[in-house]
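Below is one structure, written out as structure tokens; the observations come after it.
A note on names: the letters A, B, ... follow the listed sequences, proteins ahead of strands, and every chain is numbered from 1. Bear in mind the structure is a predicted one, so any value in this text is a computation, not a measurement.
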Amino acid sequence: MSIKAPRGTADILPQDMERWHFIEDIVRQTFRCYGYQEIRTPIFEATELFIRGIGEATDIVNKEMYTFQDKKGRSITLRPENTAAVVRAYMEHGLGSQQSSLVKMFYMGPMFRYERPQAGRQRQFYQFGTEALGSMHPGVDAETIAMILSIFEQIGLAGLKVEVNSVGCEECRTNYRQVLFEYFQTHISHMCSDCQMRLEKNPMRILDCKVESCQSYIRGCPTVIDSVCEPCRNHMDEVIKYLNLMGISPVMNPRLVRGLDYYTRTAFEIKDESLGAQNAVAAGGRYDNLVRDMGGNITPAIGFAAGMERIVLAMKNKGLGPIGKQNMVYIATTSENVLDTAAALAQRLRAGNIPVELSWDKKSLKSQFRQAANIDARYVVVVGDEEIKQGKVVLKDMIKQEQRLVDMEGLHTLLAM
RNA sequence: GUGAGCGUAGCUCAGUUGGCAGAGCACCGGACUGUGGCUCCGGUUGUCGCGGGUUCAAGCCCCGUCGCUCACCCCA
């Protein structure tokens with residue numbers, strides 16, 4: 001074996017697929033309950049879309065995009081996230097002018113970022129998420145968070161940490177930047193080199209610095225929520241109110257900052273602490289100006305994205321797996337003479353939608369039974385030289401450990417029950 | 001992009017001062033004429049990540065490279 005999957009990519013093997021389907025089924029079902037419809041956008045887009053949508057100053061745009069030229073020299077980028085693309089589609093097809101004013105869409109699919117792989121971080125990874133465009137009501141924010149928690153609850157992930165914050169509107173944010181700048185200016189010479197850089201580029205990023213020596217300065221700094229304007233404050237209060245109403249008590253984290261430029265007001269993150277450094281299992285927030293910034297009408301909106309691989313990891317950490325396979329029937333043969341009969345029988349059963357495994361290769365009966373046990377077969381049908389003469393087969397119930405002789409003709413009706 | 005640790009059978013991993021590449025699990029066969037999960041016996045499985053170098057001799061030492069893991073960074 002010399003050719004391997006590219007760095008940062010992973011095969012999702014058959015043994016894991018059941019878990020993936022389990023999650024995906026819950027996700028689709030829940031989205032449907034909350035009135036979201038699926039949208040599928042291209043895996044690649046014009047590079048310009050992400051530069052304008054995500055923000056020129058962000059790390060994603062600056063160093064993590066898979067960008068290349070197509071044969072006509074157009075700059076193309078593999079999508080690093082899906083919000084910009086959904087907004088593009090929303091505008092391109094005038095979705096906002098149809099039906100109701102609130103358009104709710106969900107997506108599932110692979111995203112691409114050129115990063116150093118780590119636990120819970122890959123170069124190709126799967127996200128699912130929603131975008132709700134056209135309402136600035138705080139109830140939509142709360143509903144989004146409630147929906148995510150419902151998904152995790154159904155999956156079986158408990159003890160997740162829900163953190164919320166407000167990053168304010170445009171005006172609050174410029175004010176807050178100024179406040180931060182002034183505050184940190186006096187301490188910055190004692191802080192780490194990363195923070196010194198952040199002060200110039202994006203002071204809000206200082207807030208989630210992990211360097212020990214920076215912590216005491218960060219603790220003393222003014223929080224966003226204190227510097228935010230009246231309407232933004234009210235919005236946050238309302239979101240909390242609705243969350244409480246839904247039986248959810250989030251943790252206020254004034255230091256929660258999002259990495260993408262388009263976020264406004266509500267920002268939230270859902271963490272699983274079994275995961276290690278990359279522990280955000282879902283995150284999102286409001287982006288009230290993105291549609292306008294991309295050339296559309298003012299359209300308030302909120303969305304989130306969740307990482308499939310991290311959810312699967314969290315499930316494994318907690319020993320959660322999807323349960324049991326369906327009633328597989330394993331057909332065992334005693335010699336090659338009866339293989340024809342066995343094959344015909346398999347076909348007849350499958351035609352009736354009964355899942356059947358048939359051993360084509362010559363193996364001992366013992367080995368065939370072992371295999372049947374390995375795939376969790378509910379029944380084993382033994383097609384033997386002796387029985388076949390009377391038109392019979394042995395039907396063994398693997399759980400009850402009982403077996404009896406039955407007519408081959410009646411087998412499909414017996415098993416269909 | 002930075003730092004640390006690690007690449008040996010399908011999986012988990014031993015491998016001494018450089019001297020015939022190993023164990024357990026799994027798989028296959030048998031003990032048990034044609035019946036799984038237990039027990040016992042036997043068998044199959046290798047580009048020692050890849051490429052150079054040193055040496056009579058390299059899984060082991062040296063250089064490079066690719067990959068994995070964890071952390072920084074960033075994020076889902």
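With both ends at atom P, the span from B/C27 to B/G37 equals 10 Å, rounded to whole Å. With C1' as the reference atom, B/U55 and B/G18 are 9 Å apart, rounded to whole Å. Here, B/G15 and B/G52 have their P atoms 28 Å apart, quoted to the whole Å. To the nearest whole angstrom, the two P atoms, one in B/C63 and one in B/C25, are 39 Å apart. The gap from the P atom of B/A31 to that of B/C68 amounts to 47 Å, rounded to the nearest Å. Look at the P atom in both B/G7 and B/C61: the space between them is 11 Å, to the nearest Å. Nucleotides B/C75 and B/G67 have their C1' atoms positioned 23 Å apart, rounded to a whole Å.
A donor-acceptor contact under 3.5 Å is formed by the side chain of A/R310 with the base of B/C75. At a cut-off of 3.5 angstrom, the base of B/U69 holds no donor-acceptor pair with the side chain of A/Q118. Under 3.5 Å, the side chain of A/R116 and the base of B/C72 form no donor-acceptor pair of N or O atoms. Evaluation of atom-type donor-acceptor distances gives a pair under 3.5 Å for the side chain of A/E387 against the base of B/G34. A donor N or O paired with an acceptor N or O is found under 3.5 Å between the base of B/C73 and the side-chain atoms of A/R121. With hydrogens and angles left out, the side chain of A/E115 and the base of B/G1 share no donor-acceptor pair within 3.5 Å.
Within the 4.0 Å cut-off from OP1 or OP2 of B/G29, at least one side-chain nitrogen or oxygen of A/S367 is found. Using a 4.0 Å cut-off, some side-chain N or O of A/K366 falls inside it from OP1 or OP2 of B/G36. For the pair A/N374 and B/A26, the criterion of a side-chain N or O lying under 4.0 Å from OP1 or OP2 is not met. At B/C75, none of the side-chain N or O atoms of A/Q122 fall inside 4.0 Å of OP1 or OP2 (strictly under the cut-off). Close to B/C28, at under 4.0 Å from its OP1 or OP2, lies a side-chain N or O of A/R370.
Among A/Q403, A/M398, A/Q371, the one residue that satisfies the side-chain contact (heavy atoms from CB on, under 4.5 Å) test with A/V380 is A/M398.
Listed candidates were B/C73, B/C70, B/C75. Nearest to the side chain of A/R113 is B/C75. Side-chain proximity of A/A373 to the nucleotides B/A76, B/C28, B/G36 is greatest for B/G36.
Nucleotide B/C11 forms a Watson-Crick or G-U wobble pair with B/G24, both donor-acceptor distances falling under 3.5 Å.
Looking at A/R310, its side chain does come within 3.5 Å of a backbone N or O of A/A280 through a donor-acceptor pair.
Residues A/F184 and A/P203 form no side-chain contact, since every pair of their non-hydrogen atoms from C-beta on lies 4.5 Å or further apart. With a 4.5 Å cut-off on side-chain heavy atoms, A/F268 and A/I148 count as touching.
Taking the charged nitrogens against the carboxylate oxygens, A/K318 and A/D272 do have a contact shorter than 4.0 Å, which makes a salt bridge.
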